[in-house]
Protein chains: 2
Amino acid sequence: MLFREGEPVNGIYFVNAGKVKVHKHWGEEKELIVRFAKEGDIVGHRGVGSEMVYPVSATALETVDLCFIDLAFFQATLKVNHELLHALMMFYASELQESEKNMRNLVHMPVKGRIAHALLALLKKFGTNEEGYINMTLSRQDLASYTGTTYETAFRIMSELIQEDIIAISGKYIAVKDPARLEILEAEAG
Amino acid sequence: MLFREGEPVNGIYFVNAGKVKVHKHWGEEKELIVRFAKEGDIVGHRGVGSEMVYPVSATALETVDLCFIDLAFFQATLKVNHELLHALMMFYASELQESEKNMRNLVHMPVKGRIAHALLALLKKFGTNEEGYINMTLSRQDLASYTGTTYETAFRIMSELIQEDIIAISGKYIAVKDPARLEILEAEAG
DNA sequence: CGCGCAGTTGATCTTCGTCAAAATGTGTGG
DNA sequence: CCACACATTTTGACGAAGATCAACTGCGCG
C-alpha cells in the first residue's frame, strides 16, 4: 500500500513498473476502484488541492518500482516548468471527463454493461499478450469493486459472458474474444 | 442551453449572474446532472482536452449573464498567465475529487443518503435567504437527475424528509430545518 | 364544462445484494 | 499417499430497494 485515504499528502509517485489500484473506501468492507495505474502513470496527484489529505488509497497489485517525488519539490517544479504544469492540467481534465463518464454509467447502465465497459477499458489500457489475454491479472473481487458491484454478481456476469463465448478465461487472465459484442452491451440503451 | 454534449468546443463561459446546470445524457430521456454553476463559476472547461468536443451539456436554469471567452484566446492566456493556469489546475483537481466522491456515494449510498448529501451540498453552495430557504429553485426532476434517481423516488424521499420535519418546502424553495439529521443520513454506514 | 398537464400516490416487477450452503481447491502433518 | 482443516469458488434461494407503469388529484384555461 503506497498510501491510505485520509493520510496527509507528502508527495506524489511515478510508477516505473508494475500495476497499482487507486480506490476509495466506504465503511470497513466496501470499496470502489477509481482507476488503475501502470508503468508511466502518476499516482497520488489526487492529493493536490486545498485539503492536503489523500482522498483515495493506492495499493500495489504486484511488485512495483516507484519514484517518489517530495511534494514541496514537485510544487516548486510546477512553478518553474510551465510545460509540465500545462500537461498536468490536461491530465486532470481528461481524468475528470473519464470520471464523469463512469459516474453516468454507474447510474444508468446495468451491471452487465458496466462490466463490458470495464473489460474494454482494461483491454485498451493494458493491451494483450501474444495469446490475446489482457495483460493484467484482476481478481473478481477487484473487478467487482471496479464496476461497483458485489463479488457474486461480478462472478455471475462473467460466467454469462463466457457462456456467450464473448470472453475466455485462463488462470487469472481474461481474453476478450468478441469486442464487438461487448460494445453492443456497453451501448445498449445509450 | 449554452452548449450541447457532442458539439465542438469553441470557448468557455464565465457566469456573471444566474444559475446553470451541467449534465450528461444517456439515451433520449435520461440524464445525470454533474454540477451546478452560479455567478463566478466557469462552465465549459470540461471541453478542454484532447477531444475538442463537449463531454457534457450546459443549460441555464434561469436568466443568466455570461461572458464567453474564445478558446484560442483562452489558451493563449493560459500560456502567458501562469497564475491562472495554476488556479485552473487546482480547480480541476478539486472537481475531480468531488466527482469521485460522488461516484462512490452513487454506488454505496442508498437514495435517501444521496439526497441528504445533495441538499447539504446545495445549501453549502448557494446559501439561504432570510427565511432559511436555499437560494435556488430546483425542480424535482432536476433533483432526481442530480442524485441519480427517478422523479418518483426523489419525490417520495422528499415527502419522507418533510414528514420527519428535517426539511420544509415553500413554493419552489427548499429549507433545511435540521442539517444535523441530514448529516446522519449522509454518514450512515460510511 | 371538458381538456390537458404537473404533482402525487399506489401497485407491481426487476435487478441486484445478501446470506448460506455446496463444491472445489490447497496446504499440512502424519 | 491419505486425512483433515481451511480457504476460495460456485451455485441457489430469498428479500429489499428502487424503477416502471398506471391511475388519480387538483388546477388553470380555453
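Proteins come first, then strands; the chains are lettered A, B, ... in the order of their sequence lines, and each starts at number 1.
A heavy-atom distance below 4.5 Å is found between the side chains of B:Glu95 and B:His45. You'll find the side chain of B:Tyr146 reaches within 4.5 Å of the side chain of B:Phe36, heavy atoms only.
A straight line from CG of B:Leu161 to P of C:dT8 spans 14 Å, rounded to a whole angstrom. C:dC16 atom C1' lies 18 Å from atom NE2 of A:His108, rounded to whole Å. Computed from coordinates, the B:Ile157 CD1 to C:dT8 P distance equals 15 Å when rounded to whole Å. If you take CG of A:Leu106 and P of D:dG18, they are 15 Å apart, rounded to a whole angstrom. For the pair A:Gln141 CD and D:dA7 P, the computed distance is 16 Å after rounding to whole Å. Regarding A:Met109, its CE atom lies at a distance of 11 Å from the P atom of C:dC16, rounded to whole Å. Here the C1' atom of nucleotide D:dA17 and the CG atom of B:Leu185 are 16 Å apart, to the nearest Å. Protein atom CD of B:Glu29 is 15 Å distant from nucleotide atom C1' of D:dC21, rounded to whole Å.
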Check: protein-nucleotides 8-12 of chain D nitrogen or oxygen pairs below 3.5 Å:
unit_1: D:dT9; atom_1: OP2; unit_2: A:Tyr151; atom_2: OH; d: 2.9
unit_1: D:dG12; atom_1: N7; unit_2: A:Arg156; atom_2: NH1; d: 3.3
unit_1: D:dG12; atom_1: O6; unit_2: A:Arg156; atom_2: NH2; d: 3.1

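In terms of phosphate contacts, A:Thr153 brings a side-chain nitrogen or oxygen within less than 4.0 Å of OP1 or OP2 of C:dG17.
A donor atom on one side chain and an acceptor atom on the other are found under 3.5 Å apart for A:Glu186 and A:His117. At a cut-off of 3.5 Å, with distance as the only test, a side-chain donor of A:Glu31 or A:His23 sits close to an acceptor on the other residue.
In terms of heavy atoms, B:Val43 sits closest to B:Ala58 at CG1-CB, 3.8 Å. Residues B:Arg114 and B:Met109 share a closest heavy-atom pair of NH1-O, 3.1 Å.
Among the atoms of the strands shown, only primed sugar atoms or phosphate atoms (P, OP1, OP2) are found under 4.0 Å from some heavy atom of A:Lys30.
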Before giving the answer on salt bridge (Lys or Arg N to Asp or Glu O under 4.0 Å), spell out for B:Glu100 and A:Lys24 the whole-Å C-alpha distance, their side-chain angles and the decisive distance to 0.1 Å. CA-CA 8 Å; B:Glu100 290 181 343; A:Lys24 223 166 158 48; over 6 Å; no
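With sequence neighbours left out, the side chain to side chain donor-acceptor pair (under 3.5 Å) criterion links B:Lys172 to no other residue.
In this structure, the helix from C:dT8-D:dA23 to C:dG30-D:dC1 shows an angle of 20° between the axis at its start and the axis at its end, each fitted on 5 base pairs and rounded to 10°.
The structure places CG of A:Asn135 at 11.5 Å from CG of A:Leu122, a figure rounded to the nearest 0.5 Å.
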